[in-house]
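The shown structure was predicted, so the numbers you read here are calculated from the model rather than taken from an experiment.
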Amino acid sequence: MKKILLLPIFGLLLTTGCVREKIAPEMRSGITMDRKAQRIGDSSLTLQLVGSRDKIAGQKEHITFRLKNEGPAPVTLPDWRTEALDNLVVECQVWFPGTEIPDDALWLTISEPPETSPTRYPLTLDPENLVTIDVPLDFIESLRISPGAERRYFIRARLQLDSAEAASPVAAFTVRNR
């Protein structure tokens, strides 16, 4: 009798212990880059600061960069990250009174791509087309400035892609009290 009861239990252990359930990988749109994208030829991409450069201390603020194809042919960036901000490294520094140019030793990174490999889509910019990228300036929300005073900052950005290079010229913005 004991043998008869053990036989179904043994059979159940054999069938469940040997079967490995396959779990389908999570479905995602886009592609992940496992290797470096090839460098595109001489592209005519420009990166510039656009929009308002006057910011208010104590408020949520952002600044906008524009990536534009100034050339006569379409440009495809195969390693463009789905979150536009993840394609830039943005650096900032205080513009001290009396300073004419920024000090290379004082740049602070305020936004940079994540280290993990995010999903990417190829981005094609036809001639004269552009993409805008909003960069949050989180530090301004906690910034306090005396009434009537202001602080000025240098800012610059560059593409963080394997396929293309573009860097903005150094620009400036001002933060004032309400």
Joint cluster assignment, [X] & [Y], ILVMFWY side-chain distance < 4.5 Å:
X: Val75; Y: Val131; result: yes
X: Leu137; Y: Trp107; result: no
X: Ile155; Y: Leu85; result: yes
X: Leu130; Y: Tyr121; result: no

Taking all heavy atoms of [X] and all of [Y], pick out the closest pair and write down the distance.
X: Gly71; Y: Pro127; result: O-CB, 3.1 Å
X: Glu83; Y: Asn87; result: O-ND2, 3.5 Å
X: Pro122; Y: Thr76; result: CB-CG2, 4.3 Å
X: Leu125; Y: Leu67; result: CD1-O, 4.1 Å
X: Val50; Y: Arg66; result: CG1-CB, 3.9 Å
X: Pro102; Y: Val170; result: CG-CG1, 3.9 Å

Gap between atom [atom2] of [Y] and atom [atom1] of [X] - 0.5 Å precision:
X: Thr124; Y: Leu77; atom1: OG1; atom2: CG; value: 7.5 Å
X: Leu88; Y: Glu112; atom1: CG; atom2: CD; value: 11.5 Å
X: Phe96; Y: Leu106; atom1: CZ; atom2: CG; value: 6.5 Å
X: Leu161; Y: Trp80; atom1: CG; atom2: CH2; value: 6.5 Å
X: Leu143; Y: Ile56; atom1: CG; atom2: CD1; value: 11.5 Å
X: Ser111; Y: Ile133; atom1: OG; atom2: CD1; value: 9.5 Å

Tell me, which pairs form a ring-ring contact (aromatic ring centres under 6.0 Å, His included) where one or both residues lie in residues 149-178, sequence neighbours left out?
-> Trp95-Phe154, Phe139-Tyr153, Tyr153-Phe173

With a 4.5 Å limit on heavy-atom distance, are the side chains of Leu108 and Cys92 in contact?
->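 A side-chain contact is absent here, since even the closest heavy-atom pair is not under 4.5 Å.
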
Val89 and Pro113, any side-chain heavy atoms less than 4.5 Å apart =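 Yes, their side chains come closer than 4.5 Å.
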
Sort and list the pairs that fulfil side chain to side chain donor-acceptor pair (under 3.5 Å) and have at least one residue in residues 50-64, not counting sequence neighbours.
->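 Every side chain to side chain donor-acceptor pair (under 3.5 Å) pair that includes a residue of residues 50-64, provided the two are not neighbours, is Asp54-Arg176, Thr64-Asp134.
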
Spell out, as yes or no, whether a donor-acceptor pair under 3.5 Å connects the side chain of Asp86 to the backbone of Arg81.
->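 Looks like no, no N/O pair under 3.5 Å.
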
Assess whether side-chain contact (heavy atoms from CB on, under 4.5 Å) is satisfied between Val94 and Arg151, documenting all intermediate values.
-> CA-CA 8 Å; Val94 175; Arg151 287 196 187 160; 5.9 Å; no

Using a strict 4.0 Å threshold on nitrogen-to-oxygen distance, state whether Arg158 and Glu165 make a salt bridge.
-> no

Quick one: do the Asn69 and Ser44 side chains pair a donor with an acceptor below 3.5 Å?
-> yes

Evaluate the criterion side-chain contact (heavy atoms from CB on, under 4.5 Å) for residue pair Leu49 and Ser168; output intermediate values, then yes/no.
-> CA-CA 7 Å; Leu49 179 66; Ser168 71; 5.9 Å; no

